[in-house]
Amino acid sequence: MKKILALILILLISLLTQNCAMVKISISKKRSSTPRQINIGKNTTMTTWGAIKINKSHFFPSSFQLKSGNRIIYIDPIGIQTTEKADYILITHAHPDHLSKKDLEKILKPETKIICSKGVAKKLKGNGYTIQVIRPNETIDFDGININAIAAYNTKSVFLWIKAHPKSKENVGFVLTLDKKLTIYHAGDTDYIPEMKELKNIQIALIPIGGDNLTMNEEEAALIVNKIKPEKVIPIHYEIKNREELNRFKSLINNVTEVIILE
């Protein structure tokens with residue numbers, strides 16, 4: 001029996017590895033011809049380039065650019081259509097819809113610092129990048145930016161006991177506080193987890209709603225939004241054809257938080 005279980009495990013690992021390698025990401029034809037940009041604070045804008053295509057699915061990703069004063073920050077840059085060089089790049093985890101070396105090469109300059117989870121650092125090792133690993137509950141301060149890493153993991157399995165984002169990987173979300181004034185929470189890929197209940201004073205929240213045991217679904221996402229009550233929430237990480245789940249998410253949100261759809 002132990003030999004059979006071991007063989008099944010090896011086959012499952014091989015299948016998952018193969019599937020990861022077979023993920024094909026491109027620019028979605030359903031993407032808007034112009035980037036979406038919003039003002040989120042004094043001298044601070046947030047930009048998204050919109051939908052990407054993952055194999056056959058058109059998908060709104062977790063990728064954003066922040067401009068604050070003279071600083072340019074990217075979070076999970078994927079499918080970006082700019083060559084504006086980054087001062088800082090934050091990457092939540094190493095899945096190919098969040099980590100793209102092709103996109104990194106567009107926006108890197110010699111001084112760019114990459115702040116990322118340990119899995120990302122492992123994949124980028126040897127490329128000559130300036131990398132600082134951050135783990136859940138760790139905090140970094142520099143250049144008027146406070147970055148607090150929040151745990152990001154699955155509590156539900158995608159198959160048997162296998163989780164898409166295990167807690168042991170130490171993937172992260174980020175709470176960024178800019179100049180002690182503006183606080184932004186990017187959740188990464190995660191379920192609704194106990195660590196989120198400690199979040200406070202969030203002004204902008206970027207929350208995944210796609211479900212499928214990869215992230216929170218729209219109902220779970222609404223639970224955390226209604227718990228922390230940010231000023232604005234932007235749903236991320238969902239198939240754009242699923243208008244029903246997007247509308248349901250909006251309908252579940254409290255009356256003090258503004259829901260902004262950027263896709």
Side-chain angles (χ1 to χ4, degrees), residues 5-6 8-26 28 51-64 75-79 90-101 103 116-124 133-137 149-174 185-196 205-225 234-242 245-246 249 263:
L5 289 173
I8 291 172
L9 180 59
I10 291 169
L11 289 171
L12 285 170
I13 291 171
S14 298
L15 181 62
L16 287 172
T17 303
Q18 183 184 32
N19 284 344
C20 188
M22 290 172 65
V23 172
K24 184 178 180 181
I25 296 178
S26 59
S28 170
I52 60 174
K53 189 177 181 183
I54 303 179
N55 294 338
K56 295 182 179 181
S57 297
H58 298 272
F59 195 79
F60 187 74
S62 306
S63 176
F64 294 90
I75 307 176
D76 286 356
I78 180 82
L90 281 58
I91 308 176
T92 59
H93 65 292
H95 284 178
D97 57 324
H98 297 260
L99 170 61
S100 164
K101 290 183 182 179
D103 285 289
C116 61
S117 62
K118 66 179 185 180
V120 172
K122 184 177 180 180
K123 285 206 170 184
L124 296 180
V133 173
I134 191 167
R135 291 178 168 80
N137 303 316
I150 307 298
Y153 59 89
N154 289 134
T155 57
K156 301 181 290 290
S157 300
V158 290
F159 183 73
L160 297 178
W161 64 91
I162 299 172
K163 295 181 174 68
H165 308 94
K167 189 175 183 178
S168 60
K169 292 288 187 181
E170 295 188 313
N171 298 336
V172 296
F174 297 106
Y185 173 46
H186 187 296
D189 280 9
T190 183
D191 284 328
Y192 184 11
I193 55 176
E195 290 88 339
M196 291 178 175
L206 308 170
I207 303 292
I209 68 167
D212 287 336
N213 293 339
L214 299 174
T215 70
M216 294 177 277
N217 61 28
E218 69 275 16
E219 293 183 0
E220 294 162 329
L223 284 175
I224 184 57
V225 172
I234 299 169
I236 61 175
H237 205 279
Y238 60 90
E239 283 194 69
I240 62 174
K241 69 177 183 180
N242 294 339
E245 75 178 25
L246 193 59
F249 173 73
E263 146 278 294

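- Residues forming a ring pair (Phe, Tyr, Trp, His ring centres under 6.0 Å) with His186 (at least two apart in sequence, or on another chain): none.
- With sequence neighbours left out, the salt bridge (charged side-chain N to carboxylate O under 4.0 Å, His left out) criterion links Glu220 to Lys156.
- Other residues, nucleotides and ligands place no more than 12 heavy atoms under 6.0 Å from the NZ atom of Lys169.
- Distance CD1/Ile25 to CG/Asn55: 8.0 Å, rounded to 0.5 Å.
- Legend: side-chain hydrogen bond (donor to acceptor under 3.5 Å, both in side chains) pairs involving residues 209-219, not counting sequence neighbours, sorted by first then second residue: Glu219-Arg248.
- Remark: Phe174 CZ to Ser117 OG distance equals 7.0 Å, nearest 0.5 Å.
- When the salt bridge (charged side-chain N to carboxylate O under 4.0 Å, His left out) test is applied to Lys101, no partner is found at least two apart in sequence or on another chain.
- Under the rule for a salt bridge (charged side-chain N to carboxylate O under 4.0 Å, His left out), Asp97 has no partner lying at least two apart in sequence or in another chain.
- Here Leu90 contributes atom CG and Ile134 contributes atom CD1; the two are 7.5 Å apart, rounded to the nearest 0.5 Å.
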Checklist entry - Do Asn171 and His165 pass the side chain to side chain donor-acceptor pair (under 3.5 Å) test, and can you show the C-alpha distance, the side-chain angles, and the key distance before you say yes or no? => result CA-CA 7 Å; Asn171 298 336; His165 308 94; 5.3 Å; no
Item to check | side-chain contact (heavy atoms from CB on, under 4.5 Å) between His58 and Lys241, worked out | outcome: CA-CA 7 Å; His58 298 272; Lys241 69 177 183 180; over 6 Å; no
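- The heavy-atom pair separating Asn154 from Asp191 by the smallest distance is CA-OD2, 3.1 Å.
- The nearest pair of heavy atoms linking Lys123 to Ala94 is NZ-O, 3.7 Å.
- Here the CD1 atom belonging to Ile207 is positioned 11.5 Å from the CG atom belonging to Leu223, to the nearest 0.5 angstrom.
- What you find for Ser63 and Pro77 is that their closest heavy atoms are OG-CA, 3.4 Å.
- Contact check for Arg135 versus Val133: side-chain heavy atoms found under the 4.5 Å cut-off.
- Going from atom NE2 of His98 over to atom CD1 of Ile78 covers 9.0 Å, rounded to the nearest 0.5 Å.
- Evaluation of the side chain to side chain donor-acceptor pair (under 3.5 Å) rule for Thr92 yields Asp76 as partners, not counting sequence neighbours.
- For the atom pair Ile240 CD1 and Phe60 CZ, the distance stands at 10.0 Å (nearest 0.5 Å).
- The closest side-chain donor-acceptor pair between Asp189 and His93 falls under 3.5 angstrom.
- Taking each heavy atom of Cys116 and Ala121 in turn, the nearest pair found is SG-N, 3.7 Å.
- Between Ser62 and Ile236, the closest heavy-atom pair is OG-CD1, 3.7 Å.
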Next on the checklist: Would Ile193 and Lys167 count as a side-chain contact (heavy atoms from CB on, under 4.5 Å) here? Give the steps.
Outcome noted: CA-CA 11 Å; Ile193 55 176; Lys167 189 175 183 178; over 6 Å; no
Next on the checklist: Evaluate Glu195 against Tyr153 for side-chain contact (heavy atoms from CB on, under 4.5 Å), listing each step before the verdict.
Outcome noted: CA-CA 10 Å; Glu195 290 88 339; Tyr153 59 89; 2.9 Å; yes
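- The nearest pair of heavy atoms linking Val172 to Ala152 is C-CB, 3.7 Å.
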Next on the checklist: Set out, in order, the CA-CA distance, both residues' side-chain angles and the distance that settles side-chain contact (heavy atoms from CB on, under 4.5 Å) for Phe59 and His237, then state yes or no.
Outcome noted: CA-CA 7 Å; Phe59 195 79; His237 205 279; 3.3 Å; yes
